[in-house]
Number of protein chains: 2
Amino acid sequence: MPVAREPRSRRDRPAKPALSRQWIVDVTIDIMRREGLRKATMRRVAQELDTGPASLYVYVSNTAELHAAVIDRLLGDVAVAAGGHWQDRLERLVTDYRDLLWKYPGLARSALAIRPSGRNFLVLFDRIMGLLVEGGVEPGQAGLGADLLLLTTTASAAEHAAPEDGDSDAGTDHLTKQNAIADAVRSVNAQDAPLIARHADALLAGTPDQRWRWYLRAQIAGIAATARDAGQ
Amino acid sequence: MPVAREPRSRRDRPAKPALSRQWIVDVTIDIMRREGLRKATMRRVAQELDTGPASLYVYVSNTAELHAAVIDRLLGDVAVAAGGHWQDRLERLVTDYRDLLWKYPGLARSALAIRPSGRNFLVLFDRIMGLLVEGGVEPGQAGLGADLLLLTTTASAAEHAAPEDGDSDAGTDHLTKQNAIADAVRSVNAQDAPLIARHADALLAGTPDQRWRWYLRAQIAGIAATARDAGQ
DNA sequence: ACCTGAACACCGTTCAAGT
DNA sequence: ACCTGAACACCGTTCAAGT
């Protein structure tokens with residue numbers, strides 16, 4: 001894993017500096033920030049680095065690994081809040097993670113496809129586990145719980161993203177999708193799905209944030225209340 | 001939505017029969033069954049249908065819509081078991097859904113990216129809701145619960161899939177990934193993630209099936225125990 | 001009116017050949 | 001030894017032109 005910085009000293013010409021894994025990741029993040037992770041392809045990153053795509057393969061083994069590095073780098077910014085009740089701090093931590101995934105188009109989808117396992121992801125996992133343990137949950141059980149919370153958060157962030165994210169009119173896309181679901185629910189055949197038909201209004205009620213908080217509370221309650229099998 | 005069957009009667013030549021949405025979906029499922037949904041591209045489906053990719057756009061509006069149609073078609077096979085306690089039937093139903101997603105390479109990942117909202121998906125949603133209501137859960141709460149269960153199941157099925165599914169040696173891929181996670185857990189820096197380091201064995205304990213059943217039970221318990229906000 | 005060949009604008013990854 | 005041009009084998013989608 002070469003972490004070459006600037007070449008020691010070079011006075012020859014405009015000086016195309018030596019590539020490095022770090023620089024490649026930086027440029028990838030930059031493209032993602034501007035146009036979404038979907039656009040941060042090997043070819044595009046190489047172009048931005050003024051070289052051919054083949055050159056990147058010296059430092060990253062493929063696109064998935066590059067995107068995983070991007071995710072783990074950004075995960076470094078998520079930290080546990082200081083004061084307060086363990087459950088509040090847990091909800092805040094998980095919500096911060098969700099917000100990070102919302103912030104960059106394409107990131108959530110990628111995180112889901114990749115199954116992060118970098119250093120910062122493990123730190124986040126450990127902090128979630130720690131807050132559950134602080135709440136009296138048995139450590140093994142807390143581990144399963146942390147896994148569940150990270151999975152659902154990543155998945156729900158990915159759903160939140162527009163189908164073709166990275167476009168400028170993400171707002172429109174999002175509205176379109178919201179309406180697609182609402183339409184499907186409201187126009188459902190009462191024979192096929194009687195409960196959806198009868199309770200359509202209740203199903204569509206509440207702000208996204210109210211729904212999110214319910215998901216969190218329900219999961220935390222279930223995690224705390226459910227012991228692992230004795231056999232394990 | 002043209003549903004043209006056989007052309008009325010044609011005796012001219014080998015008779016390339018008229019395209020139809022149904023036939024396109026059938027061929028797509030066939031390719032997926034053999035090589036994974038990732039390989040069921042517009043170009044590939046068109047080739048199998050002995051035409052150019054442009055022709056498909058008369059019947060489907062894009063790749064995502066085609067894959068959504070495939071998913072909803074397959075979802076038609078998932079049904080509620082007859083006898084027994086509501087919770088057992090719920091666990092069985094959700095597990096059947098998971099098994100369906102496991103059965104075809106690429107399907108789970110696609111289901112996650114697409115957010116199904118077809119008829120059969122709504123039926124499945126309604127059945128899950130129904131079992132929760134049968135268990136005494138308030139309908140609006142049951143709706144949120146069904147959403148959560150479907151989301152986590154789809155996401156966990158997608159994780160189960162190998163990173164590059166559709167290949168013949170999926171077994172190897174899967175093992176590789178399992179080991180990657182286990183390695184990350186076991187070789188984690190104790191300073192960074194003290195709880196993971198201390199409880200590594202507990203975290204990796206249990207069969208996948210035991211873990212799966214814990215996820216189900218924890219979520220169902222949390223769904224049943226968590227009322228919606230009064231404000232809603 | 002219905003269908004589609006050909007084109008446009010891209011991909012990831014490999015490897016032989018250069019410095 | 002290190003780097004990369006060029007090629008290989010693909011993509012989704014559009015549209016002008018054909019029947």
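This one's a predicted model, so the numbers in the text were calculated from it and none came from an experiment. Residue numbers start from 1 in every chain, and the chains themselves are labelled A, B, ... in the order their sequence lines are given, proteins ahead of strands.
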**Message:** One thing to verify: whether Arg109(B) and Glu159(B) come together as a salt bridge, which I'm taking to mean a side-chain N less than 4.0 angstrom from a carboxylate O.
**Reply:** no

**Side-chain H-bond candidate by donor/acceptor type, Thr207(A) with Trp212(A), under 3.5 Å** = no

**Item:** Pairing string, 5' to 3', for DNA chain C - Watson-Crick or wobble contacts under 3.5 Å, brackets [ ] where pairs cross, | to another strand
**Value:** ||.|||||...|||||.||

**Prompt:** Will you find, in the side chains of Tyr97(A) and Thr154(A), an N or O donor that is under 3.5 Å from an N or O acceptor?
**Reply:** yes

**Prompt:** In the 5'-to-3' direction, what one-character label does each nucleotide of nucleotides 8-19 of chain C receive under the scheme B = base within less than 4.0 Å of a protein heavy atom, S = sugar-phosphate only, - = no such atom?
**Reply:** ---BBBBB----

**Message:** Around atom CZ of Arg73(B), are there more than 12 heavy atoms from other residues, nucleotides or ligands closer than 6.0 Å?
**Reply:** yes

**Request:** Before accepting this row, confirm whether a basic side-chain N of the pair Arg34(B)/Glu48(B) lies closer than 4.0 Å to the acidic partner's carboxylate O.
**Result:** yes

**Request:** Using whole Å, report how far CD1 of Ile24(A) lies from P of dC3(D).
**Result:** 10 Å

**Item:** Gap in Å between the two C1' atoms, one belonging to dT14(D) and one to dC3(C), rounded
**Value:** 14 Å

**Asked** Is Asp147(B) salt-bridged to Arg115(B), cutoff N-O under 4.0 Å?
**Response** yes

**Item:** Modelled atom types, side-chain donor and acceptor of Asn62(A) and Tyr57(A), under 3.5 Å
**Value:** no

**Asked** Just how far, in rounded Å, is P of dC2(C) from CG of Leu19(B)?
**Response** 14 Å

**Message:** Tell me whether Asp192(A) is salt-bridged to Arg119(B), with the criterion being a basic N under 4.0 Å from an acidic carboxylate O.
**Reply:** yes

**Message:** Using atom P in both nucleotides, what's the gap between dA9(C) and dA9(D) to the nearest angstrom?
**Reply:** 24 Å

**Request:** Report yes if at least one side-chain N or O of Ser55(A) is closer than 4.0 Å to OP1 or OP2 of dC3(D); otherwise report no.
**Result:** no

**Request:** Would you mind reading off the distance between Asp50(B) atom CG and dG5(C) atom C1', rounded to a whole angstrom?
**Result:** 14 Å

